Enquirer: 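Sharing a structure with you now.
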Amino acid sequence: MEGRRYFLVTMGCQMNRHDSARMAEALYGAGLEPAVSLADADLCVVNTCCVRDKAENKARSAIGRLAAWKRRRPGRTVVVAGCVAERLGPGWLAAFPHVDAVLGPDRLDALALVAAGPAREPLVSTGFAAGVPSDFLAARPDLVAPGPTAFVTVSKGCSQHCTFCIVPAVRGGLRCRPAAAVAAEAAALIAAGARELVLLGQAVNDYAHDGAGFAALLRRVGAVAGLRRLRYTSPHPRFVDEDTVRAHADIAPLCEHVHLPIQSGADPVLHRMGRRISREEILRRIDALRRARPGMTFGTDVIVGFPGETDEQAGETVSLVRQAGFTQVFAFAYSPRPGTAAERFADDVPASVKAERLRRVQDAADAVADAHRRSLVGATVEVLLEGPSDRGGGSWQGRTRNNDVVHVEATDGTASPGSFVEVAVTETRPHCVIGVPRVVDR
Ligand code: SF4
């Protein structure tokens, strides 16, 4: 193993980025060093995503390009991991004979089998384990120091079966981790220097283990000594219950920002998507959270051009973005995914109409976000510094509790990643605000 170096290519969502971090720790623990570039590496893992067809095509191109890379040095190893590994399994070997291992998202522990070099036979490991605690790879802060923000997995898979979503097929049904294991990993990360924790799951607030629900988990993690900020992603609006609302009122570290995917603002579309919640109920739950924690802001995910979506229904999504005041919106044009219920629906919204609806949602979202950022000018906000800003001049970049990106003019030199700074906001820019530091709290 001596001298072998690994390179990780990560595509897709936060869950994949988290899995990549766990794989990096496993490889480091097995004696490999991180490579500075692909050219420098002996083992390359491509952690794939198939939530949208563009991401899956990107994964195929990346794997295809590794054939020439592998030929250039004996012993090089190509690993396909993540959702497309799960979806195609041994199909990868037929299409790309240079692939040495195919590992589904629940089989990352098998990475150790190819860390030393390609096995005699290609390795294919997919499928879902039975949900025992050891299925969850915990962070190793003893090996790799966490940054200011650290992620903790609370569940895997999802049992909601929204009709457009491939996640249940490629990541399996919901499996929850014991609250004690989540709290222990949270405490270890905070002790190792993390200041902010993000609880991670596909429908994170569908959590239930040993009779305890999501609100109880929030209370347990929220009580970890030294934790300054707590977030979670991504919740389903239908599981925002009264206990969760009360938790937002009671738990000081819980931040005043929730990313709450709505997907659509029109009831007929929500129904066809299998979301099992109405527009009115989504708004009621947002209102309840706002009442529990004044100053709360929300982000969301939106799909436009779902099969059967009319122009009027697309307009209802635009109006919900405005009415709910989402300050961060990730909007996507619908693309059918294999194995989902919606694959059987006629994909009847032309691409040009999807593009137009996407633009309307984005324009509305930009207007809401601009107004929110302007409202911050003159205010003093708490910023958790993440690292140097690309604005240069010794300035820093960080986030508020409302998840606003802030560029902070040069501090007095005592700040570092993980410092909290009181910042007076002076001006806005697209996607961020600028401010000057008042107080640094290391
Ligand atoms: S709740 Fe989220 S992850 Fe689960 S099926 Fe629906 S969209 Fe997919």
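Keep in mind it's a predicted model, so treat the numbers as computed, not measured. Just follow the structure's listing: the first ligand is 1, and inside any ligand the first atom is 1.
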Enquirer: Taking atom types as modelled, find out whether Gln14 and Arg17 have a side-chain donor-acceptor pair closer than 3.5 angstrom.
Expert: yes
Enquirer: Which of the atoms in ligand 1, numbered in the order shown and given with their element, are less than 4.0 Å from a heavy-atom of His236?
Expert: 1 (S)
Enquirer: Closer than 4.0 angstrom, basic N to acidic O: yes or no for Asp363 and Arg359?
Expert: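 The answer is yes: the pair qualifies as a salt bridge.
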Enquirer: Is the gap between the ring centers of Phe136 and His18 under 6.0 Å?
Expert: no
Enquirer: Any idea which protein heavy atom is nearest atom 5 (S) of ligand 1, and the distance to it?
Expert: Cys162 N, 3.4 Å
Enquirer: Provide the number and element of each atom of ligand 1 under 4.0 Å from a heavy atom of Phe164.
Expert: 7 (S)
Enquirer: Of the options Leu385, Val383, Val406, which is the one that meets Trp396 in a side chain to side chain contact (heavy atoms under 4.5 Å, CB included)?
Expert: Leu385
Enquirer: Which atoms from ligand 1 have a heavy atom of Arg275 less than 4.0 Å away?
Expert: 6 (Fe), 7 (S)
Enquirer: Can you name the atoms of ligand 1, numbered from 1 with element, that are less than 4.0 Å from a heavy atom of Cys165?
Expert: 3 (S), 5 (S), 7 (S), 8 (Fe)
Enquirer: With no hydrogens and no angle check, is any side-chain donor or acceptor of Arg279 less than 3.5 Å from a backbone partner on Gly265?
Expert: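 The answer is yes, because a donor-acceptor pair under 3.5 Å joins these two groups.
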Enquirer: Relative to the heavy atoms of Gln160, which atoms of ligand 1 are at a distance of less than 4.0 Å?
Expert: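 That gives atoms 1 (S), 4 (Fe) of ligand 1.
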Enquirer: Report the nearest protein non-hydrogen atom to atom 2 (Fe) of ligand 1: residue, atom name, distance rounded to 0.1 Å.
Expert: Gln202 O, 4.1 Å
Enquirer: Record the part of His161 in heavy-atom contact with ligand 1 below 4.0 Å; permitted values are side chain, backbone, both and neither.
Expert: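 Contact part for His161 vs ligand 1: backbone (N, CA, C, O).
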Enquirer: For a side chain to side chain contact (heavy atoms under 4.5 Å, CB included) with Pro90, tell me which candidate from Val99, Val102, Val124 qualifies.
Expert: Val124
Enquirer: Residue-level breakdown please: for Cys158 versus ligand 1, do any non-hydrogen atoms fall below 4.0 Å on the side chain, on the backbone, on both, or on neither?
Expert: side chain
Enquirer: Is it true that the side chains of Thr297 and His372 contain a donor and an acceptor less than 3.5 Å apart?
Expert: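 No, His372 and Thr297 have no side-chain donor paired with an acceptor closer than 3.5 Å.
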